[in-house]
Amino acid sequence: MNKGPYYLSTAIAYTSGKPHIGNTYEVVLADAICRFKRLEGYDVYFQTGTDEHGQKIQEKAEAAGITPQQFVDNVAGEIKRIWDVMNTSYDRFIRTTDPMHERKVQQIFKKLYDQGDIYKSEYEGLYCTPCESFWTESQLVDGKCPDCGGEVHPAKEEAYFFKMSKYAPRLMKHIEEHPDFIQPEARKNEMVNNFLKPGLQDLCVSRTSFTWGVPVDFDPKHVVYVWIDALSNYITFPGYEVDGNHGEQYKKYWPANVHLIGKDILRFHTIYWPILLMALDLPLPKQVFGHPWLLVGDGKMSKSKGNVIYADDLVDLFGVDAVRYYLLHEIPFASDGTLTYDLLMERINSDLANILGNLVNRTVAMSHKYSGGVLSDHAVPGEFDSELIDLCLATPGRVAAKMDQLRVADAIDEIFTLLRRANKYIDETTPWVLAKDESNHARLDTVLYNLLETIRFAAALLHPFLPDTAERICKQLNIALPDWDSLSAFGGLEAGHRLGEGEILFARIDIPKKMEEINKLLAEKAKAALPALELEPQSGEKVDFDTFCKSDFRAVKVKACEAVKKSDKLLRFTLDDGTGTDRQILSGIHKFYEPEQLVGKTLLAIVNLPPRKMMGLESCGMLLSAVHKEKGEEKLRLIMLDDAIPAGAKLC
RNA sequence: CGCGGGGUAGAGCAGUCCGGUAGCUCGUCGGGCUCAUAACCCGGAGGUCAUGUGGUUCAAAUCCCAUCCCCGCAACCA
């Protein structure tokens, strides 16, 4: 049954690097919504993709020694791969470097210019010459450039501007008349109070400071800045044409039902984008949902903190549906969620393995054991049946209601409420007791039927969230994925139907053991990320020759060497320095050498340093070593000299 | 006076808009069961809902006021 078109877009991912699990959350959320809408019978168009222009990409490509196009090709490929790893069912993966898109962006820009909404002026700001960047007063750090810390000076740059203020009252009215336009609601107030009410400034929509972008065709030293370029993807790819000869998809799907975006870019999607559409005289999207963020541990993911988690790594560890489940279920509707390995494993065990997996497993196992895996008539109703059946019939509607509000986590909860009820039903009806008495077999068959039918409902409803798992459940039931209409009545399974083989859906995880494994993996990863070899940078400071000559370097022979008591670092050397009197030197190198290795070696020492006490012992000089870092680990080797050199020989 | 979000059981959260028995999941303790992945089912303990024994009210987690604390606003960002 076709319930009409449904167009959902994600924000397009910026191709500056590999997306982490937080970036991936958005597309998984979008996927769950789209799959659910398809299940309900909507004709869904799900668009995602990449935003590939801009200064940053130009710079990164330069640094990597490749062209920007090569750079974005690589990253876009990686992003698409991760979207696929997450099993997302996008209908189209778009890229803003698509020539078709670039052509349309130029046409849109020209149209807005011709009708007077875009005008040429000057961008004034504080300019940092070495960084070639403009900054606002508020961005400065101590009045200096936040990038390089250098001086900034007021400067002007020619730029095109969009007349935002012209459309502001219309937008205000639209927001007021469409309370669902901006979700969650708290965000709406934020936008209205912070941006619309104080008055909109005209938006700078072109740049001359970099070239990796869509050129303004009538003024080629300008490139179209991100707003018009990136935002317009939502209409250009479905087939918008400036001349009104729109493509089929555009005619069918625009305006979009939902733009799903991160809460940080809400401003662009709820103010600039609607105004842009008004200027083009196009209908506005029905809803913009700014979803919360996924945090890791107690903060944002950050490469410098070393806590970045990537979706594909998690999938390797736990499987795609477990990761999808966590993302979809553990992130609240309007506030940020957190991801930790512990929490993830706890959810897998308690929800996926215990409640869902075990229910399917025990039911299918009993069916095979007691009825040879063949369904019979479910003709003997009994106590507890109606409660289970009623909940089955009520659940699809409840899930749909939550999904309409985009409350995905709550929708999943509804399904698990049903699964919990089914587990309880088993305890209430005690099939293993019924099985003991032949006269109860008809009732036993009914109980098993009710359970299997409940699982059929659950499989259908779970599919949008856990597509692989839903299919595996169906395989065990030996049925095709049930459609939405089949959930309007209890009794979809037929008598005489033969079940498939039972299979464990989610194995319980031994959390401490798995954690150990993960820590090992993380440590290896962290190590691999460190530079292979690090050398101390050379000193720029000069030392004059006379000062250098004052240092008295001598060859010394190790007569004895022992670890200093109560010190984990220090070794105590008794050295022959050629004077006839033993010289004692302490050196903090126990981490690198065992004392007995060094006895008899010829080393190099500076002997005219002032004596110094360490751990109560006097050290007269210093042994010289060569140091460097490997994979972040400090390495040290003593300077060992040819044993033919006599003790006390001076270096010069 | 920068802005915004938040403080509810050991953990994670809902409830706050629209006052009326403080709820869910996990964990924990006890019991039941044995079909099942030591799973499942039942019950208990655990909270002065950040503070002010503040205000409004018959009634406040919820509305008002004040105070304290945490988090983001630094791009590796959605």
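Order of the sequence lines sets the chain letters (A, B, ...), proteins ahead of strands, with each chain counted from 1.
For the pair A:Asn349 CG and B:A39 P, the interatomic distance rounds to 8 Å; values are reported in whole Å. Counting to the nearest Å, the P atom of B:U37 and the NZ atom of A:Lys514 are 20 Å from each other. Note: NZ (A:Lys402) to P (B:C24) measures 15 Å, nearest angstrom. The interatomic distance linking A:Ile509 (CD1) with B:A39 (P) rounds to 13 Å, in whole Å. Atom pair A:Asp427:CG and B:A39:C1' shows a separation of 11 Å (rounding to whole Å applied). Atoms CD (A:Gln405) and P (B:C17) sit 17 Å apart, rounded to a whole Å. The separation between A:Glu330 atom CD and B:A14 atom P is 12 Å, rounded to whole Å. A:Tyr326 has its OH atom 12 Å from the C1' atom of B:C13, to the nearest Å.
For residues 437-452 of chain A, the salt bridge (charged side-chain N to carboxylate O under 4.0 Å, His left out) pairs, not counting sequence neighbours, are A:Asp385-A:Arg443. Counting only residues at least two apart or on different chains, the side-chain hydrogen bond (donor to acceptor under 3.5 Å, both in side chains) pairs with a member in residues 498-507 of chain A are A:Arg472-A:Glu503. Listed by first and then second residue, the salt bridge (charged side-chain N to carboxylate O under 4.0 Å, His left out) pairs that reach into residues 363-374 of chain A come to none, sequence neighbours excluded.
For the segment residues 359-369 of chain A, the set of residues with a heavy atom within less than 4.0 Å of an atom of RNA chain B comprises A:Asn361, A:Arg362, A:Met366, A:Lys369, in numerical order.
When the C1' atom is compared between B:A75 and B:G20, the two are found 48 Å apart, to the nearest whole Å. For the C1' atoms, the distance from B:U28 to B:A45 is 9 Å, rounded to whole Å. Look at the P atom in both B:G10 and B:U16: the space between them is 23 Å, to the nearest Å. B:A78 and B:G15 have their P atoms separated by 28 Å, with the value rounded to a whole Å. B:U53 and B:C40 are spaced 47 Å apart, taking the P atom of each and rounding to whole Å. Taking atom P on both nucleotides, B:G27 is separated from B:A11 by 15 Å, rounded to a whole Å. Using atom C1' as the reference point in both B:G2 and B:C63, the two lie 27 Å apart (nearest Å). Atom name C1', nucleotides B:U8 and B:C24: the rounded distance is 12 Å, in whole Å.
Among the protein residues, A:Phe506 comes within range of the nucleic acid bases, having at least one heavy atom under 4.0 Å from a base atom. Heavy atoms of A:Leu505 sit under 4.0 angstrom from at least one base atom.
Partners of A:Glu62 by side chain to side chain donor-acceptor pair (under 3.5 Å), not counting sequence neighbours: none found. Listed by chain and residue number, A:Ser9, A:Trp273 satisfy the side chain to side chain donor-acceptor pair (under 3.5 Å) test with A:His259 (two or more places apart in sequence, or in another chain). A:Phe268 meets the ring pair (Phe, Tyr, Trp, His ring centres under 6.0 Å) test with A:Trp227, A:Tyr272; sequence neighbours excluded. Scored by the salt bridge (Lys or Arg N to Asp or Glu O under 4.0 Å) test, A:Asp351 finds A:Arg347 as partners (sequence neighbours excluded). For A:Glu453, the side chain to side chain donor-acceptor pair (under 3.5 Å) criterion is met by A:Arg456, not counting sequence neighbours. Checked against side chain to side chain donor-acceptor pair (under 3.5 Å), A:Glu78 has the following partners two or more places apart in sequence or in another chain: A:Arg81.
When each of A:Arg421 and A:Thr430 is assigned the nucleotide of RNA chain B bearing its nearest heavy atom, the one mapping closer to the 5' terminus is A:Thr430. Taking for each of A:Asn423 and A:Ile12 the nucleotide of RNA chain B with the nearest heavy atom, the 5'-most of the two is the partner of A:Asn423.
Side-chain atoms of A:Trp432 lie closest to B:C35 of the nucleotides B:A39, B:C77, B:C35. Taking every side-chain heavy atom of A:Lys56 into account, B:C77 is the closest of B:C77, B:U37, B:C41.
Secondary-structure annotation of RNA chain B gives the stems B:2-7 with B:68-73, B:10-13 with B:23-26, B:28-32 with B:40-44, B:50-52 with B:65-67, with a stem taken as at least 3 successive Watson-Crick or G-U pairs whose two distances both fall under 3.5 Å.
Between A:Tyr325 and A:Phe318, the gap from one ring centroid to the other reaches at least 6.0 Å. In this structure, A:Tyr25 has its ring center under 6.0 Å from that of A:His291.
The side chain of A:Lys424 contributes no N or O atom lying less than 4.0 Å from OP1 or OP2 of B:C40.
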Short heteroatom pairs, N/O only, protein and nucleotides 25-28 of chain B, under 3.5 Å:
| from | atom 1 | to | atom 2 | distance (Å) |
| --- | --- | --- | --- | --- |
| B:U25 | O2' | A:Arg347 | NH2 | 2.9 |
| B:C26 | O2' | A:Glu346 | OE1 | 3.3 |
| B:C26 | O2' | A:Glu346 | OE2 | 2.2 |

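With no hydrogens or angles considered, a side-chain donor-acceptor pair links A:Asp468 and A:Asn87 at under 3.5 Å.
The aromatic rings of A:Phe46 and A:Tyr90 sit perpendicular to each other, their planes meeting at more than 60°, with 30° as the lower class boundary.
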